[in-house]
Number of protein chains: 4
Amino acid sequence: MPRSRSEQQAGADREVARTRVWRAAVELFAAKGFHGTGIRELADAAGLSSASLYHYMGSKDDLLFGIMRHSLLRLGAAAQRVSERTAEPGERIAGLVHVHVLSHALYPDETAVVDHELRALGPEHRKAAVALRDSYEDYWRRAVADGCDTGLFHAPERSVVRIALLEMCSAVAGWYAPGGPLGLDEIAAAHARMALAALGAPPEVQRAPFVTDVSHARRLVEEIWQVALPPGRA
Amino acid sequence: MPRSRSEQQAGADREVARTRVWRAAVELFAAKGFHGTGIRELADAAGLSSASLYHYMGSKDDLLFGIMRHSLLRLGAAAQRVSERTAEPGERIAGLVHVHVLSHALYPDETAVVDHELRALGPEHRKAAVALRDSYEDYWRRAVADGCDTGLFHAPERSVVRIALLEMCSAVAGWYAPGGPLGLDEIAAAHARMALAALGAPPEVQRAPFVTDVSHARRLVEEIWQVALPPGRA
Amino acid sequence: MPRSRSEQQAGADREVARTRVWRAAVELFAAKGFHGTGIRELADAAGLSSASLYHYMGSKDDLLFGIMRHSLLRLGAAAQRVSERTAEPGERIAGLVHVHVLSHALYPDETAVVDHELRALGPEHRKAAVALRDSYEDYWRRAVADGCDTGLFHAPERSVVRIALLEMCSAVAGWYAPGGPLGLDEIAAAHARMALAALGAPPEVQRAPFVTDVSHARRLVEEIWQVALPPGRA
Amino acid sequence: MPRSRSEQQAGADREVARTRVWRAAVELFAAKGFHGTGIRELADAAGLSSASLYHYMGSKDDLLFGIMRHSLLRLGAAAQRVSERTAEPGERIAGLVHVHVLSHALYPDETAVVDHELRALGPEHRKAAVALRDSYEDYWRRAVADGCDTGLFHAPERSVVRIALLEMCSAVAGWYAPGGPLGLDEIAAAHARMALAALGAPPEVQRAPFVTDVSHARRLVEEIWQVALPPGRA
DNA sequence: GATGAATGAGATTTCATTCAT
DNA sequence: GATGAATGAAATCTCATTCAT
């Protein structure tokens with residue numbers, strides 16, 4: 001625990017700097033890719049020297065992994081919360097689609113990094129990131145499986161559909177911008193309906209209120225993504 | 001026209017070399033990304049010196065653009081052929097899905113480059129590549145629009161659905177490998193059915209023969225991707 | 001003089017920290033060389049931050065010089081004590097070899113730094129260290145000269161032999177480890193005999209008791225190297 | 001085989017450049033140590049850009065290993081030639097001392113690198129260099145062993161003496177300069193006599209003609225060190 | 001007195017590319 | 001036409017050191 005006013009200040013400054021670096025990195029990695037982003041470019045964007053960047057964040061690879069881990073943990077937390085409160089597979093899929101779409105629409109850079117830069121990680125970090133991603137996708141896997149077992153869904157190969165749906169929903173990160181003709185809730189609802197349709201759920205399920213009602217997912221995503229950065233330099 | 005036996009030979013040698021480079025580039029760009037692939041690594045993989053690589057292919061950027069152009073032209077040609085022979089929007093969408101899925105499953109490296117490396121191109125080439133991609137997607141746009149106008153499809157925002165479907169179908173490139181539990185025709189058919197479902201097409205359309213019959217798309221894709229490399233050094 | 005209990009404590013803590021740094025530095029400089037050792041690596045090995053290292057020890061160069069000075073002073077003190085108590089050149093050379101060999105065997109890291117890192121010192125410190133080394137070697141120079149003048153030794157060029165002997169004896173630091181087939185006293189005696197032989201001393205001198213009796217040199221080396229670190233931050 | 005005049009020229013230019021780099025590296029590594037020498041400093045000294053330096057020589061570590069290998073092979077070749085033509089252990093030791101001393105006096109930089117920078121090599125290269133050094137020292141080992149077995153030498157521990165002699169003779173590299181009071185042949189002879197004395201060889205052996213006659217070692221060393229650089233970039 | 005924060009300068013190495021032949 | 005030679009610019013990362021508290 002910081003013991004003096006000035007130690008608190010130093011800690012706060014540190015967090016400010018770390019946040020600036022983090023944001024610059026997320027933005028640049030999303031826009032130009034990990035290998036397309038230079039460390040100096042990154043430092044410039046964050047207003048630091050490249051040496052300071054290392055002081056705060058460790059290597060470029062560490063930074064990338066930090067971003068991936070942070071984002072995947074958030075996606076996982078949201079999926080967990082959705083799964084806990086929805087017993088019924090149709091409703092669960094709708095909820096998962098909602099939080100996935102909202103996360104990708106509201107945090108397109110973070111999710112773009114997660115979705116595109118796995119291969120840029122070093123072997124150790126890659127293994128860890130893949131594990132996190134798999135544990136996220138497990139919520140989807142279970143939801144699809146439950147729905148198929150119940151007879152609600154009809155999927156040729158379950159993992160084919162799962163991947164298809166995930167990619168379909170991830171695409172939102174690539175084009176969504178606030179102020180478009182469709183509101184974000186409508187977009188999320190539309191994807192939920194498409195997902196259920198693709199899963200072969202009956203029309204009445206596609207029209208169920210839980211497909212349209214995005215409010216809970218909204219609150220969940222807002223809450224989960226609002227937390228601070230993880231502590232630095234593992 | 002080559003005038004002597006040895007000029008023919010030289011031309012053939014040239015094509016052999018160009019093809020080796022091209023294949024190495026497609027493979028490496030797909031696996032490690034454009035920025036993650038070095039020019040020397042590429043030359044090594046192709047069994048050439050980096051100077052020869054420039055001789056045959058021009059700059060790294062030229063090479064990437066060549067690959068994108070080539071692949072996008074093929075996708076475009078396939079979509080055009082499908083669109084010409086199918087008046088009915090449901091059948092047309094099914095055909096477009098078929099060729100898209102088959103192309104992505106059979107040429108995962110080429111399509112991965114197309115799907116992921118647009119941003120790595122220089123401004124000129126990027127503009128040209130975006131135009132090609134847009135002209136490919138136009139076939140999808142028109143199919144969706146026709147289906148919606150006819151009342152066959154029901155899409156909240158047409159381009160939202162179009163993008164969702166394209167991404168969903170592109171995902172196949174990431175996981176398909178021959179010899180899996182599902183045959184490639186089944187995969188293509190499943191995606192066509194999911195696409196039509198997502199578009200809100202009625203169940204009987206989702207079950208129509210043109211959804212399941214992939215044979216025509218097969219022939220088309222095989223024919224179109226079998227042609228030689230485009231002439232070198234734009 | 002410290003005035004309170006806690007000032008004494010602080011002073012003791014300081015000495016503990018300084019000793020930890022010193023030992024780490026000696027070990028690392030010996031193992032990897034001055035330029036091969038990073039300041040952070042050194043701080044880590046000592047369990048301090050690099051800033052604290054500066055606080056206690058000054059710059060890297062200061063630290064190196066401190067180690068050299070300290071070790072050279074000890075070698076010099078031992079040589080002085082030997083020279084004072086032995087009038088006869090044969091006995092004096094035997095004594096000098098004994099303390100040199102024992103010092104190098106028992107303190108291989110300190111002596112390795114002395115023997116290998118002179119060139120790494122900055123110009124000022126280097127001058128001072130060279131002076132200390134020369135004053136140590138002066139004891140050898142005088143012993144050789146006395147023996148030659150007496151007619152006991154026969155050396156073509158006196159300094160050629162002196163350097164040859166010094167290097168020969170220094171080599172022990174590179175390989176001696178307790179528990180080998182030869183005891184340390186035997187090693188010291190063997191080197192004394194070799195030195196006298198190389199100097200052309202008659203066989204009966206090579207077999208004299210002062211060649212074999214290492215006990216006095218033992219006590220001397222133990223006594224001299226047992227003293228505390230010199231006061232910090234020159 | 002180069003096919004044209006200009007290809008020959010290019011090859012020659014290349015050798016000129018490689019030789020310049022090599023010489024600069026030997027000089028700098030000897031003077032300041034491997035870690036004390038920067039790659040840019042090295043490139044400057046050779047009149048090249050640092051990128052060209054890599055083109056010619058590979059990494060700094062490669063360069064160091066190249067120098068060590070080259071020098072150790074030469075020392076080994078000389079020791080082999082000496083060992084082949086001298087059956088008698090006293091004469092053999094004298095010959096080994098001669099070539100060792102001459103090599104160290106005439107090529108003080110090369111031998112300094114060999115003697116001081118082993119630890120700076122990466123693990124792979126270090127292993128290889130240690131093997132080469134051991135194979136050189138084997139000639140010494142066998143000579144000492146033969147002399148002891150014959151009863152000509154008397155050594156407490158054979159390897160103790162071997163190392164002592166090697167170090168004694170290596171010291172010459174540190175101070176010899178042409179034009180001093182002693183000629184190089186006298187220096188070599190003096191060391192041979194000291195070595196035999198240290199080995200406990202009888203006085204008449206220490207005075208044998210083969211101790212004083214350095215001419216053969218001269219020719220050997222001159223011949224062996226006159227050959228070209230090894231081919232570049234392993 | 002003691003130390004976490006911070007950095008300018010520099011380390012080694014690789015980059016994509018051009019040039020002379 | 002084809003390629004070994006060559007390099008300026010930039011890559012990522014570490015260096016020894018200082019400073020504010």
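These numbers come from the heavy atoms of this one structure, side chains and all, not from hydrogens, waters or symmetry mates. Labels below follow one simple rule: chain letters A, B, ... track the order of the sequence lines, proteins then strands, and each chain is numbered from 1.
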The criterion is salt bridge (charged side-chain N to carboxylate O under 4.0 Å, His left out); which residues satisfy it with [X], sequence neighbours excluded?
X	value
A:E27	none
A:R23	none
D:R126	none
B:R119	A:E117

Practice problem: Using atom CZ of A:R18 as one end and atom P of E:dG4 as the other, report the distance to the nearest whole Å. | Solution: 17 Å
Practice problem: Please state how far atom CE in D:M57 lies from atom P in F:dT7, giving the value in whole angstrom units. | Solution: 14 Å
Exercise. Go through the structure and list residues passing side-chain contact (heavy atoms from CB on, under 4.5 Å) with B:H116, not counting sequence neighbours.
Key: B:A112
Self-check item: Residue list, side-chain contact (heavy atoms from CB on, under 4.5 Å) with B:K127, at least two apart or on another chain
Solution: none
Practice problem: Please list, chain by chain and in numerical order, all residues satisfying ring-ring contact (aromatic ring centres under 6.0 Å, His included) with D:H125, sequence neighbours excluded. | Solution: D:F65
Quiz prompt | Of the listed nucleotides F:dT18, F:dT14, E:dT12, the one nearest the side chain of D:K60 | solution = E:dT12
Quiz item: the helix from E:dA2-F:dT21 to E:dT21-F:dA2: angle between its terminal axes, five pairs each, to 10°?
Solution: 20°
Practice problem: Using heavy atoms and a sub-4.0 Å distance, could you list which residues of residues 34-42 of chain D are near DNA chain E? By number, please. | Solution: D:T37, D:G38, D:I39, D:R40
Exercise. Classify the nucleic acid contact of D:S49 as base, sugar-phosphate or nothing, counting any heavy atom under 4.0 Å across all strands shown.
Key: sugar-phosphate
Practice problem: With rounding to the nearest 0.5 Å, note down the distance linking CG in B:L118 to CE in B:M68. | Solution: 4.0 Å
